[in-house]
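So that the names make sense, note that chain A is the first sequence line, chain B the second, and so on, each numbered from 1.
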Amino acid sequence: MVASTSLNVVPEDPTAYKTQEYWEERYKKEDSNTTFDWFKTYADLKPLLNEAIPSKEAKILMLGCGNSTLGEDMYNDGYKNITNIDYSKTVIDNMKERCADKPEMNWLEMDIRDLKFANESFDVVIDKGTMDALMCDRGDVWDPSEELIKDVKGEVDEVERVLKVGGTFLFFSSGKLPYAVAQLDRISKLCTDVNRVQSTLKKQALLAQSPDCHSTLKRIYNPHLRHHVSAKTILKYMQTHTITANSSYDDLNKLLDDLSSRSLTGHAACEATGSFYLTYCKTEEHQNIFWRILDKNLKMGVSIKTICRLLPMESMSVALAASSASFNLSDPWYVSQKLDGIRCITVIRQSNAKEQHDIQFYSRTGRSFQSLQKVKTNIQKRLHELSIKDDFVLDGEVCAYSSDMKHEDFLKAMGQVRRYEEMENPIYQVFDRIRLDQFMQGKGDQLFSQRQKELESFLGTESLPHIKKVAQTRLTSLEQLDQLKKHSIEKGWEGLMLRKDVAYEGKRTRDLIKLKEWVDAEYIVKSIETGLMRMPDTGENKLVLTNVNIEHKGYPVGVGSGFSMQSRIDYAQNPERIIGKPITVRYFSESKKENGAISLRFPTVKAVFEDGERDV
DNA sequence: TACCGACAGTGGGGTCGCAAT
DNA sequence: ATTGCGACCC
DNA sequence: CACTATCGGTA
């Protein structure tokens, strides 16, 4: 006998499985010796059947037998009294012939919704995958059509009628959910499991145990694949537009890919996403997980770092400074100006193709900058002059300057660096040079002083346009540091950077320290805002204070950083304990927008004075 | 045991691109 | 031309 | 950017 390979018999339209025409055609085309089983063979089911049908003498009715071997296998197992029905004449004829050596078996052409048997004439009725075929309605198994309900009810009613009192209906279903629902279901369950455990090791173990979810997890946590639309936007859109539950997507990942690649934007994105939601998210569980996936926020205490350990993916990490630390002067330290610009990592690859070098600029988080053509041209020129062989990375800050060229203008830099057009007058202030392989590894072997020498030799003695080396001062005494601090304030610098003379490390480290002057001031809390936050200990969401609103020189400023979780909870429950009360806010400086509006840069709460007592 | 680095998750001001209005 | 949102700089 | 809180390994 030949087992049919499903490929050549799978219909283009899956709803065909419920039609008589499809099966008749299929059985006609196939060799009469072909067998086909949707799922599970007799060997799988034997223990179950033996338990459910203890008597070999039982009178058995097989609904929609098709060319399955189930009937024959049962016969060979001792169940002789089997009546097989199917609504395809072809298959019944074929089967009669095939089982000519099994005289006790009956083969009848019949519709399962209209049985021609007397009431109470069978001990056992078996349906294996037949109702599944009946239910092959495209899309929505949770909102079936009238017709489907009628068909299913027809079968069940008939079974009930022909079964003896106390008889058995054995119903085998593949229970297959639409693929997208199964995807959501898997992730949702994994998510609740992972959220429940606190230990990061246990979280990792659980994630490792669900390989089915890995492809989706990988794309959700990939920081370079953004969805460009949020749950909030879709929900809002659905309130003002009618969306039908007939999604053309059957794979969650495909929808997300189309959102990421901007194949879907604007209303089309809302339409497709909303439709997917209505089609597949029928339970609260599935709805929740869908929004979380869309927002790339699974809320289970796992983020990119943990996912990367399990499912390695390309990510860039750079050296970052700690905000303050005690440092031992016996170690060699270098001091330099802290520049108020935008971090820029330049990757320089010496391509084999003669004259051209590959030069790419990246932000601190690995997004590439396209606006630094002027810097690129000058690096290119320098590379020509030197004919350097190895690949390396320049690390520095892209700055824009005020008209007098005395101060960095951060907002001006922001307005130009991340655009597609060329930046007018970028000044790339370089403070480090790392060999590419070491940068990629996030760990090097050259000391900072050695890297500085290489940087100097690359940049040369005469100054290049648009590129400068940041001046480093070797620190010899604490008095010198105080002097430098004073100098920094006089010059109006953002602050100072302290560097230990150590090997490169692509992470936040205390070998690199930033020193800034902060301003403390008191304000009256005008109002508060509340929202949901995930409690780090339990993983539950609670209503808490998210931020307070104050007024600085008549302009509104929000402050949200600095509160402990407990005080957030307390103030959300008792707003009167903070509204109208004075608070201490620490900030870096005032900020001025083009329209003259004033605000505060990096504001944080330091103290709350509720009726004389201080608390945060 | 007490400390500390790595992670996750929360908040601020401000700018751009993009699509809708 | 303006508005609102998402993403991403600090 | 600043900040809080937790886990898990190390001093």
For nucleotides 1-6 of chain D, read 5' to 3', which letter fits each nucleotide if B means a protein heavy atom sits under 4.0 Å from the base, S means only the sugar-phosphate is that close, and - means neither?
SBSSSS
Under 4.0 Å between any heavy atoms, over every strand shown, what does A:Glu421 touch: base, sugar-phosphate, or nothing? Just pick one.
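Sugar-phosphate contact only - A:Glu421 comes under 4.0 Å of backbone atoms but never of a base.
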Just call it for A:Arg418: base, sugar-phosphate, or nothing, with non-hydrogen atoms closer than 4.0 Å on any strand.
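Result for A:Arg418 = base.
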Let's see if you can work this out: which of [options] has an atom nearest to the side-chain heavy atoms of [X]?
{"X": "A:His228", "options": "C:dA7, B:dG5, B:dG14", "value": "C:dA7"}
{"X": "A:Arg568", "options": "B:dA8, B:dG11, B:dG14", "value": "B:dG11"}
{"X": "A:Val557", "options": "C:dC9, B:dG13, C:dC10", "value": "B:dG13"}

Does B:dC7 have a Watson-Crick or wobble mate here (both distances under 3.5 Å), and if so which one?
none
Aromatic contact, A:Phe392 with A:Phe458 (centres under 6.0 Å):
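Yes, close enough.
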Ignoring backbone atoms, establish whether [X] has a side-chain N or O less than 4.0 Å from OP1 or OP2 of [N].
{"X": "A:Lys236", "N": "C:dC5", "answer": "yes"}
{"X": "A:Ser591", "N": "B:dG14", "answer": "yes"}
{"X": "A:Lys299", "N": "B:dG9", "answer": "no"}
{"X": "A:Thr306", "N": "B:dA8", "answer": "yes"}

